[in-house]
Colleague: 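Have a look at this one.
Naming: A, B, ... by sequence-line order, numbering from 1 per chain. Just so we're clear, the structure is a prediction, and the values are computed from it rather than from any experiment.
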Amino acid sequence: MIPAAVDYSCPSTVEEAVQALGDEDAKVLAGGQSLIPMLRLRLAAPTLLVDLDRISDLRGVRSDGDHLVIGAMTTHAAVLGDPLVNQYAPLLAQATATVADRQVRHRGTLGGSLAHADPAGDLPAVVVALDASMEVAGPGGRREIAAADFFVDYFTPALEPGEVLVSVRVPKREGWSTHYEKFNRMAQGWALVGVAAAVRRDNGTIAEARIALTNMGSTPVRATAVESALTGADASLEAVRAAAAAAAEGTQPSGDLSASAEYRSHLARVLTERAIMAAVGQAHAA
Amino acid sequence: MTRISLRVDGVRYDDDVEPRTLLVHHLREQLGKVGTVVGCDTSNCGACTVLMSGPDGKPVGVKSCTVLAVQADGRDITTIEGLSGPDNTLHPVQRSFHERHALQCGYCTPGMIMAAVDLLSENPDPTDTEIREGLEGNLCRCTGYQNIVRAVRDAASAIRSGGESAEPAPPTPEAVDAATPDGGLPPDRVPEEAVPHPVP
Ligand SMILES: Cc1cc2nc3c(=O)[nH]c(=O)nc-3n(C[C@H](O)[C@H](O)[C@H](O)COP(=O)(O)OP(=O)(O)OC[C@H]3O[C@@H](n4cnc5c(N)ncnc54)[C@H](O)[C@@H]3O)c2cc1C
Ligand code: FES
Ligand code: FES
C-alpha cells in the first residue's frame with residue numbers, strides 16, 4: 001500500500017526540528033521502521049514528516065562522567081557495534097541483538113524504539129532496568145525524564161506535542177552482570193515476553209538486582225518483588241527460582257492470539273529465572 | 001514534490017518525488033529497476049532488500065519498501081541489477097545461488113542475494129547458524145532454506161579463496177546511457193532474448 005500524501009522537512013538542528021513540529025499533525029521520522037509500516041497501512045496520516053536524519057548531533061555514543069549519552073538517532077546496528085555500549089551497558093547490546101533483523105537494525109534507531117513505546121518492543125524494558133533517563137527538547141527548552149516515567153501507556157511516551165527525544169543517558173554499571181532473555185515464536189518475531197536483568201554480586205551473594213519485563217502490560221514493568229527477594233540471596237538455582245516465582249506479581253499482561261495472559265505470566269516466571277541465571281553465569285566467566 | 005539525487009547501480013539520477021513515495025516504488029517505477037520486487041505489505045519478507053549507504057558511506061542492506069525515497073537523497077544504492085559485471089559475469093553470490101539451486105519460484109531471490117551480500121561484507125566466514133540468523137529478515141516460501149544456506153556458504157568460500165570480489169561490479173558503459181527516464185536500455189539495444197514473448 002501507499003502512504004497518504006504528506007509534506008516533508010529535513011531540518012539540520014534540533015531547534016529547527018522543534019519549530020517544524022509546531023505544525024499540528026506533524027510527526028517525527030527517525031528510522032521509519034515502525035512509522036513507515038503505519039503510514040503504508042494509513043494507521044498514521046500526519047500532514048508533515050520531520051526527518052531527524054540530517055541532525056548529526058543526534059547520532060553516536062559518548063562517555064560523560066559516570067554516564068553514557070546515546071543519541072536518539074543512533075541505529076540499532078551502531079549500538080550493537082559500539083565499544084562503549086558493550087563495556088558499560090552490555091544489557092542494551094544484548095537486547096538490541098534480538099530486535100528484528102539485520103535490515104531493520106540498519107535503519108531503526110534507539111530513540112525511535114523508545115518514542116514508539118510499543119509494549120512488545122525490547123528496548124523500553126532495558127532502559128527501565130538500567131535506570132536511564134531521556135533528554136527531551138521542546139518549545140519550552142530541554143528537560144529530562146526518568147525511564148520509569150517515560151512510558152505512559154500503549155504507544156504513548158511522556159512527550160508533549162512538539163517535543164523531540166534527543167538522547168538517552170545510561171548510568172555506567174561496572175561490576176554488574178546482565179542478560180536479556182526473550183521468548184518469541186519465529187524469526188524476527190516480537191517478544192511474547194522479555195526479561196531484562198541486571199545483577200550486582202558481592203562475595204557470591206546478590207547485593208542488588210534490577211529486573212524489568214517486556215510485554216507484561218501496557219508499559220515495561222519492574223519486577224520489584226523479584227528484586228527484593230534476590231537482595232542478599234545467594235546466586236544458586238534454588239534461590240533464583242524462588243525469587244523468580246514472584247515475577248508476574250502486580251503485572252497486567254494482555255491475552256492475544258499468540259499467548260493468553262496466564263501463559264504470559266508463566267513465561268515471565270520461567271524467563272526471569274533464565275535471565276538471572278544467565279547473567280550470573282556470565283559473571284562467573286568474567 | 002521534493003528534489004532528490006540518488007546514485008543507483010553506479011548511475012546518478014535526479015528526480016522530483018512525492019515525499020510519500022517508497023524507495024522501492026521509485027526504483028521500479030521511475031528508474032525501471034524492476035529487479036527489486038515487493039513481496040509483502042508488512043516489512044517482513046525482505047524481497048525488496050537493496051544496499052544503501054549509511055551516513056558514514058558504508059553500504060548496508062535495507063528493506064526498500066520501508067525507506068522513503070526522500071530518505072535516500074544523496075545516498076548510493078545497489079540493486080540486484082548492479083551486482084553482475086560487464087558481459088553478465090555473475091557475482092559470486094548469484095553464481096552459487098544458480099549452482100546450488102537456491103531458488104524455485106525465484107521471487108525472494110533478489111532480496112535474498114542482496115541480504116547475503118550484506119551479510120558477507122560484515123562476516124566473510126559465517127557458520128550455518130550465522131547465515132540463518134543473518135538472513136532472518138528474508139522469507140522464502142519455496143526452498144525450505146537448505147540450499148540457500150549452502151549457496152551462501154559456497155559463495156563465502158569462493159570469495160575468501162580469492163580471485164573473486166564481494167563488491168558489486170562497477171557500472172557498465174551502457175548503464176550510463178540507460179539512465180533514460182524509465183531506465184532500461186534504449187529500445188534498439190535491448191537484446192532479443194530479453195524481450196518477453198507471450199506463451200502460445
Ligand atoms: C519486521 C520488523 C520487526 C521488528 N521487530 C522488532 C523487535 O523484535 N523488537 C523491537 O523492539 N522492535 C522491533 N521492530 C521495530 C524497530 O525496532 C523499530 O526500529 C523501532 O520500533 C522504531 O524505530 P525507528 O527509528 O524506525 O522509528 P520511526 O519508525 O521513525 O518512529 C517511530 C515512532 O517514534 C516517533 N519518534 C521516533 N524518533 C523520535 C524522536 N527522536 N523524538 C520523538 N519522537 C520520535 C515517531 O514519530 C513515530 O511515532 C521491528 C520492526 C520491523 C519492521
Ligand atoms: S516487500 Fe516485504 S519487506 Fe519489503
Ligand atoms: S524461491 Fe520462491 S519464495 Fe524463495
Colleague: Nearest 0.5 Å, what's the NZ-CG distance between B/K63 and A/D101?
Modeller: 3.5 Å

Colleague: At their closest point, which heavy atom of A/H106 faces which heavy atom of B/G61, and how far apart are they?
Modeller: ND1-O, 2.8 Å

Colleague: Can you tell which part of B/L139 gets under 4.5 Å to a heavy atom of chain A, answering side chain, backbone, both or neither?
Modeller: side chain

Colleague: Pick one of side chain, backbone, both or neither for B/T42, based on which atoms fall under 4.5 Å of a heavy atom in chain A.
Modeller: backbone

Colleague: Name the residue from B/V67, B/D118, B/N138, B/T66 that meets the side chain to side chain contact (heavy atoms under 4.5 Å, CB included) definition with A/Q103.
Modeller: B/N138

Colleague: Strictly less than 4.5 Å between heavy atoms, which residues of residues 70-77 of chain B line up against chain A? Please order them by number.
Modeller: B/V70, B/Q71, B/D73, B/R75

Colleague: So for A/A4, is it side chain, backbone, both, or neither that comes closer than 4.5 Å to the heavy atoms of chain B?
Modeller: backbone

Colleague: Do A/Q33 and B/S43 make a side-chain contact, defined as non-hydrogen atoms from C-beta onward lying under 4.5 Å apart?
Modeller: no

Colleague: Between B/E18, B/R132, B/E122, which has the largest tally of heavy atom pairs under 4.5 Å with chain A?
Modeller: B/E122

Colleague: Using heavy-atom distances under 4.5 Å, tell me whether A/L35 contacts chain B through its side chain, its backbone, both, or neither.
Modeller: neither

Colleague: Does the pair B/E136/A/R102 count as a salt bridge with the N-to-O cut at 4.0 Å?
Modeller: no

Colleague: Taking 4.5 Å as the heavy-atom cut-off, does anything in residues 5-23 of chain A contact chain B, and if so which residues?
Modeller: A/A5, A/V6, A/D7, A/Y8

Colleague: Tell me the closest heavy-atom pair linking B/L22 and A/R40, and the distance in Å.
Modeller: CD1-CD, 3.7 Å

Colleague: Dump the intermediate steps for side chain to side chain contact (heavy atoms under 4.5 Å, CB included) on B/L68 and A/L29, then the final yes or no.
Modeller: CA-CA 10 Å; B/L68 298 174; A/L29 173 65; 3.9 Å; yes

